[in-house]
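Below is one structure; the comments refer to it alone.
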Protein chains: 2
Amino acid sequence: MSDKRQQLIETALELFYQEGVQSIGINEVLKVSGVAKKTLYHHFTSKEALVLATLETRNQRFSQWLTVQIAPAKNNQELVEHLFQSLKGWFEDRVEVLGEFRGCFFINTAAEFRDSESEISRYCRQHKSDIKQVIRQQMATYADQPDETLLERICLLKEGVITQAYVAQDMSGPEQAIELLKGR
Amino acid sequence: MSDKRQQLIETALELFYQEGVQSIGINEVLKVSGVAKKTLYHHFTSKEALVLATLETRNQRFSQWLTVQIAPAKNNQELVEHLFQSLKGWFEDRVEVLGEFRGCFFINTAAEFRDSESEISRYCRQHKSDIKQVIRQQMATYADQPDETLLERICLLKEGVITQAYVAQDMSGPEQAIELLKGR
DNA sequence: TTATGGGTAGACAGGTCGGTCTACTTGGTC
DNA sequence: GACCAAGTAGACCGACCTGTCTACCCATAA
């Protein structure tokens, strides 16, 4: 992948995540990245293609980060602890690779593109199942049969804590989720 | 309130909720409502003022609907049951007053307006505490001291089930939330 | 040297955006 | 009838949007 292509994606991802895909036009991406318009259209057929590339980059980055965060977990209790404490670190801007917390890029982007059959919405949906798979795979490192019920609950609470942190500016979700899952 | 003002809010709310605030320009609101532009600016100083009016209308509508749905609850277990089954009905388009399900208008709008200090974001935040109060008040009808921990958990799971229903198109959240809260 | 690929600045096009304004109509009240 | 409030159609404005295109440059490989 070329330097310019990467530079465009990085710049666009940062701007889109902070401000919103529809709030940032391609001229702003070009101005901030210092790349020429023709170069942008050399690498991407449209703004949508650029948006999808930012989603893919974010997906890989988030998946990798989470994979590392939960890797030490040797049982379900540790998994829950690692996962939600990691999310808390994200909300509190302690994860540089994920940028200043502005909620979940995928939730936000799905909100901006309401047509659930659009490629962008479908990609956001895919991200959610990708993350579920990341968690399931970690469960599989210490259990023959991952606890599917627990997995469902973790994913449900994950959406809850993220949304609450962003919309309500309430960062207490992770501790609550940990306590709640201890009850089972 | 005048007929035209009400007509503008209703039309804008429907369009904004289905498509997104930034995806619908005022010219589209005018075309669909059949109201003249000068009339719109007679009633609202700006598009933002119209957006805030739609948020208020939605807030009242959702609060009222939820109040009615959970009114029969005589204990925490019933409250949880009524609340989450009501949400499920919403997701499955069984609540006409809330329109075709497109997630939470407040979550979506907060995603479209990323500046958390904007009036719009602050209103979305306010909505979340208003709904929390609706639930707390219902708890107070059958308990001297509402269970604040349960209330927190309900709100957390409420965000989770809504987000998951919208982004992941997974409507199984409410049953999971009910089971999870039974464990406490 | 030539060809190719990647890149530059930025003008241009057609369209939409939010908001302002002209000129006029209608209905109700005094 | 005069006045006021609410309303109409829609032109206009400046700004911004996405995408196309001209004319040109630079580096590398053959």
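Just so we're clear, the structure is a prediction, and the values are computed from it rather than from any experiment. We name chains A, B, ... by the order of the sequence lines, and we start the count at 1 in each one.
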Exercise. Think A:Thr39 has a side-chain N or O under 4.0 angstrom from the OP1 or OP2 of C:dG6?
Worked result: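 No, no such contact exists.
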Exercise. Distance check: side-chain N/O of A:His43 vs OP1/OP2 of C:dG7, anything under 4.0 Å?
Worked result: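 For C:dG7, OP1/OP2 do have a side-chain N/O of A:His43 under 4.0 Å.
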Problem set entry | Greater than 12 external heavy atoms within 6.0 Å of A:Glu78's CD |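 Check passes, neighbour count above 12.
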For this session: Mark yes when over 12 heavy atoms from residues, nucleotides or ligands other than B:Glu96 sit less than 6.0 Å from its CD; otherwise mark no.
Result: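 Atom CD in B:Glu96 is not packed in, count stays at 12 or less.
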Exercise. Can you list every side-chain hydrogen bond (donor to acceptor under 3.5 Å, both in side chains) pair that touches residues 19-28 of chain B, not counting sequence neighbours?
Worked result: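 Residue pairs passing side-chain hydrogen bond (donor to acceptor under 3.5 Å, both in side chains), neighbours aside: A:Gln22-B:Ser23, A:Ser23-B:Gln22, B:Asn27-B:Lys37.
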Provide, to the nearest angstrom, the distance between the [atom1] atom belonging to [X] and the [atom2] atom belonging to [N].
X       : N      : atom1 : atom2 : result
B:Asp3  : D:dT8  : CG    : P     : 11 Å
A:Phe44 : D:dT18 : CZ    : C1'   : 15 Å
A:His42 : C:dA9  : NE2   : C1'   : 17 Å
A:Leu40 : D:dC21 : CG    : C1'   : 15 Å

Exercise. With a 4.0 Å cut-off, would you call B:Arg114 and A:Glu112 a salt bridge?
Worked result: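 Yes, B:Arg114 and A:Glu112 are salt-bridged.
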Problem set entry | Salt bridge A:Lys128-A:Glu159, side-chain N to carboxylate O under 4.0 Å |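 Yes, this pair counts.
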For this session: Could you check A:Arg61, A:Arg5, A:Arg58, A:Lys4 and say which one makes a salt bridge (Lys or Arg N to Asp or Glu O under 4.0 Å) with A:Glu10?
Result: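 In the set A:Arg61, A:Arg5, A:Arg58, A:Lys4, the residue that makes a salt bridge (Lys or Arg N to Asp or Glu O under 4.0 Å) with A:Glu10 is A:Arg61.
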Problem set entry | nucleotides 10-25 of chain C: protein proximity per nucleotide (B base, S sugar-phosphate only, - neither; heavy atom, under 4.0 Å) | B------SSBBBB---
